2 protein chains.
Amino acid sequence: MATISDVAARAGVSTATVSRALNGKSTVDPVLASRVLTAAEELGYRPNGPARNLRRQETAVLALIISDVENPFFTAIARGAEDVAHEAGYSVVLCNSDDQPDKEHEYVDVALQERVAGVLLSPTGRGDSAELLRRHRTPVVAVDRPLPDSDGDTVLVDSRRAARDATLHLVEQGYRRIGCLTGPSGVLTADDRLNGYRDAVREAGLDDSPDLVRRSEFRAAGAREAARSLLARQAPPDGILVANNAMAVGVLETLVELRLRPGRDVGVVAFDDAPWTTLLDPPLTVVSQPAYDMGAAAARMLLGRISGERGKASTTTLSAHLVPRGSTRRS
Amino acid sequence: MATISDVAARAGVSTATVSRALNGKSTVDPVLASRVLTAAEELGYRPNGPARNLRRQETAVLALIISDVENPFFTAIARGAEDVAHEAGYSVVLCNSDDQPDKEHEYVDVALQERVAGVLLSPTGRGDSAELLRRHRTPVVAVDRPLPDSDGDTVLVDSRRAARDATLHLVEQGYRRIGCLTGPSGVLTADDRLNGYRDAVREAGLDDSPDLVRRSEFRAAGAREAARSLLARQAPPDGILVANNAMAVGVLETLVELRLRPGRDVGVVAFDDAPWTTLLDPPLTVVSQPAYDMGAAAARMLLGRISGERGKASTTTLSAHLVPRGSTRRS
DNA sequence: TTGTATGCGTTATCAA
DNA sequence: TTGATAACGCATACAA
């Protein structure tokens with residue numbers, strides 16, 4: 001592959017001039033510059049990234065480590081981040097941690113090795129990735145979930161409040177024994193949504209038995225089991241708060257299986273909107289999170305840090321809003 | 001950040017020995033090796049990726065350029081590719097071309113600059129990316145769609161046959177005026193599915209008027225409009241073949257809007273399965289594509305080329321299968 | 001304004 | 001088995 005020397009030879013100048021011309025330095029004769037440009041063009045010259053990064057000691061690449069590429073919530077975050085990064089001349093590489101601390105650790109290692117400019121991370125919550133990044137002075141911004149015991153920059157949604165609102169909505173709609181299906185303990189969004197649920201249940205003076213709560217992975221499969229178990233109680237819930245989109249699929253499958261109709265038989269509200277939620281009969285009531293904006297905000301914070309902003313760590317909390325639909329209507 | 005020299009100094013050896021020890025060369029004294037290892041550990045040493053890649057003239061990274069990160073079909077491909085790549089010690093970076101030739105081109109440029117080991121590409125079909133990659137001798141494997149006018153390695157699904165099968169299924173179920181909603185002209189999967197549809201319609205001796213066909217982007221929004229227009233015909237279709245998952249959302253939205261019930265009023269079959277398709281009432285009949293396997297197969301081919309396999313270009317064609325559900329049942 | 005020369009952090013060659 | 005050294009391709013300090 002053509003190198004800078006090839007271009008220099010063909011243009012009849014030194015490599016230094018080629019470098020300057022290609023990087024748009026003003027201090028170069030327009031005639032030479034255009035000669036360089038055409039030479040580069042003719043050779044199909046592409047600067048060698050590794051060499052350039054080595055020399056510059058920096059890379060225009062951000063790593064985005066998310067816990068599930070197949071979850072539309074996270075891909076929306078990715079889009080937001082990418083649009084902002086792209087605007088600033090940065091690329092974003094997507095890494096899928098599968099919510100496994102060791103995979104997360106592995107990707108952080110790769111990011112560190114490749115000397116990416118910064119990392120956007122939605123931490124599994126049980127790893128030491130944050131510590132690792134801090135030790136190597138690589139800027140990090142946490143998205144969706146905060147870094148464990150850290151004061152780092154963070155972009156969150158007010159999950160607790162949103163969960164409380166959603167639960168109170170169920171109460172308003174006349175549901176009286178409300179269950180909650182949330183994610184793994186230790187994952188802050190899971191715990192927060194549970195707390196918001198508890199806030200509401202107690203506020204409303206309803207049954208707050210711990211047995212009305214189930215936990216599973218943030219996936220359909222786990223949620224299916226959990227929903228079965230919840231609905232098999234001697235006193236089954238007549239309303240359920242579901243902590244994310246993927247889990248909602250599992251819950252709804254279980255309802256179909258049990259011939260229970262959302263809304264009429266069991267009120268259902270789930271976190272995260274998705275294109276298909278309005279196609280259901282009845283359509284699904286959801287807590288819509290500003291995923292795209294979260295990604296964009298996080299990328300902006302990260303780029304700020306990369307360009308040297310020193311201020312102390314900040315947390316941006318965006319708010320989610322309830323979208324009431326048929327699955328929480330009795331009729 | 002600690003360099004190899006720091007490690008060397010701390011372990012009291014030369015950088016050469018550090019390099020050998022860390023890369024597991026057998027020709028190094030076990031005592032020294034362990035001294036190096038602990039020194040590296042203590043310093044939190046991470047080899048500098050760019051430097052290593054520069055020296056080695058190769059990178060253990062694959063680029064996967066897909067046309068829509070938010071489409072579960074493509075994220076499933078990504079997972080397949082990643083699992084295989086990971087197994088072989090390669091990382092995969094995901095790039096989102098948004099089905100725009102210039103974005104695709106841009107990402108190919110980045111991949112070329114960063115000297116990735118190879119590229120997995122689902123081409124928009126109108127770009128010159130393939131040519132670009134070939135000129136730079138970067139191995140490419142096309143996924144889901146072939147490279148324009150190219151004999152490169154490819155992993156495809158037999159879309160035409162699957163579309164024909166799906167259409168014939170509609171015929172068997174008693175639908176008689178069947179429409180087709182496919183993607184942009186020039187995108188091979190779009191054209192193939194249309195061709196398969198035509199094969200079946202003619203085979204069955206049904207109305208093959210070109211006006212029963214609509215095209216839009218492979219997105220919900222475009223499909224919504226297209227479906228409206230299709231159903232506004234004086235002689236509206238009683239069955240529709242939809243060319244992908246995202247478009248199916250748009251079509252189903254339109255049906256809701258028009259108070260038409262899938263199956264009873266309009267038979268609907270769409271490409272790509274998704275978790276939510278069984279939650280609909282009636283559940284959606286789909287053509288299920290082996291997306292994960294496609295990603296895995298493509299990654300295997302690519303790794304083969306990277307490791308020097310010379311044989312002539314091969315095309316792997318996987319087959320899709322119809323999953324009949326309620327949306328194609330009259331009752 | 002241009003060119004020469006140096007160094008970024010590794011790995012590989014070669015001699016010891 | 002080890003160490004000194006060169007080279008990967010680029011960007012820049014410095015000299016011209």
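Values in this document were obtained by computation on a predicted structure and should not be read as measured data. Naming: A, B, ... by sequence-line order, numbering from 1 per chain.
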Asker: Applying side-chain hydrogen bond (donor to acceptor under 3.5 Å, both in side chains), can you list everything that pairs with A:His105, at least two apart in sequence or on another chain?
Answerer: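 Expected list: A:Asp128.
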Asker: Round to the nearest Å and state the distance from A:His136 atom NE2 to C:dG9 atom P.
Answerer: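 Taking atom P of C:dG9 as the reference, NE2 of A:His136 is at 14 Å.
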Asker: Under the salt bridge (charged side-chain N to carboxylate O under 4.0 Å, His left out) definition, can you give me all pairs with a residue in residues 44-57 of chain B, not counting sequence neighbours?
Answerer: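 Sorted result for residues 44-57 of chain B: A:Asp109-B:Arg46.
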Asker: Tell me whether A:Arg115 is salt-bridged to A:Glu58, with the criterion being a basic N under 4.0 Å from an acidic carboxylate O.
Answerer: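 Here A:Arg115 does not pair with A:Glu58 in a salt bridge, since their nearest N and O are not under 4.0 Å apart.
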Asker: Starting from P on D:dC10, measure out to CD on A:Glu58 and report it in whole angstrom.
Answerer: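 Interatomic distance, CD of A:Glu58 to P of D:dC10: 17 Å.
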Asker: Check the distance between C:dT11's C1' and B:Leu22's CG and give it to me in whole angstrom.
Answerer: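 Roughly 12 Å, once rounded to whole Å.
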Asker: For B:Glu42, give me all partners under side-chain hydrogen bond (donor to acceptor under 3.5 Å, both in side chains), at least two apart in sequence or on another chain.
Answerer: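 With neighbours one apart ignored, the set is B:Arg10.
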Asker: Just the rounded figure in Å: distance from P of C:dG9 to CD of A:Gln113.
Answerer: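 Whole-Å distance recorded here is 15 Å.
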Asker: Contact between A:Ser91 and A:Leu62 at the side-chain level, heavy atoms closer than 4.5 Å - yes or no?
Answerer: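 With C-beta onward as the side chain, the pair stays apart.
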Asker: So, using side-chain contact (heavy atoms from CB on, under 4.5 Å) as the criterion, who are the partners of B:Glu87 when residues are at least two apart?
Answerer: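 Scan of B:Glu87 (side-chain contact (heavy atoms from CB on, under 4.5 Å), adjacent residues dropped) gives none.
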Asker: Report the residues that fulfil side-chain contact (heavy atoms from CB on, under 4.5 Å) with A:Ser129, sequence neighbours left out, ordered by chain and then residue number.
Answerer: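 So A:Ser129 forms a side-chain contact (heavy atoms from CB on, under 4.5 Å) with A:Glu104, A:Val108, A:Leu121.
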Asker: Taking salt bridge (charged side-chain N to carboxylate O under 4.0 Å, His left out) as the cut-off, I'd like each qualifying pair that reaches into residues 13-23 of chain B, sequence neighbours left out, listed once.
Answerer: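 Counting only pairs at least two positions apart or across chains, no salt bridge (charged side-chain N to carboxylate O under 4.0 Å, His left out) contact touches residues 13-23 of chain B.
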Asker: Identify each atom pair where a protein N or O and an N or O of nucleotides 1-3 of chain C are less than 3.5 Å apart, giving names and distance.
Answerer:
| residue | atom | partner | partner atom | Å |
| --- | --- | --- | --- | --- |
| C:dT2 | OP2 | A:Asp29 | N | 2.7 |
| C:dG3 | OP2 | A:Ser14 | N | 3.1 |
| C:dG3 | OP2 | A:Ser14 | OG | 3.1 |
| C:dG3 | OP2 | A:Thr17 | OG1 | 2.6 |
| C:dG3 | N7 | A:Arg20 | NH2 | 2.7 |
| C:dG3 | O6 | A:Arg20 | NH1 | 3.1 |

Asker: Give one of base, sugar-phosphate or nothing for B:Thr3, where a contact means two heavy atoms less than 4.0 Å apart.
Answerer: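 Sugar-phosphate contact only.
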Asker: Rounded to whole angstrom units, what separation is found between the CE atom of B:Met1 and the P atom of C:dC8?
Answerer: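 These atoms are roughly 16 Å apart.
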Asker: List the residues meeting salt bridge (Lys or Arg N to Asp or Glu O under 4.0 Å) with A:Glu131, not counting sequence neighbours, and say none if there are none.
Answerer: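 Residues passing salt bridge (Lys or Arg N to Asp or Glu O under 4.0 Å) with A:Glu131: A:Arg134, A:Arg135.
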Asker: Got a sec? Which of residues 34-55 of chain A come in under 4.0 Å of DNA chain C, heavy atoms?
Answerer: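 Close to the strand are A:Leu54, A:Arg55.
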Asker: Residues two or more places apart in sequence or in another chain: which of them pass side-chain contact (heavy atoms from CB on, under 4.5 Å) with A:Thr138?
Answerer: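 Expected list: A:Leu112, A:Val119, A:Leu133, A:His136.
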Asker: Does a nitrogen or oxygen in the side chain of A:Gln57 sit under 4.0 Å from OP1 or OP2 of D:dA11?
Answerer: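 Checking D:dA11 against A:Gln57, no side-chain N or O comes under 4.0 Å of OP1 or OP2.
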Asker: Rounded to 10°, tell me the angle between the two end axes of the helix from C:dT1-D:dA16 to C:dA16-D:dT1, each built from five pairs.
Answerer: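 For the helix from C:dT1-D:dA16 to C:dA16-D:dT1, the axes at either end differ by 40°.
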Asker: Rounded to whole angstrom units, what separation is found between the NZ atom of B:Lys25 and the C1' atom of C:dT13?
Answerer: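 Spelled out: NZ on B:Lys25 to C1' on C:dT13 is 13 Å.
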Asker: With side chain to side chain donor-acceptor pair (under 3.5 Å) as the rule and sequence neighbours excluded, what pairs involving residues 298-308 of chain B come up?
Answerer: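 Those involving residues 298-308 of chain B are B:Asp153-B:Arg305.
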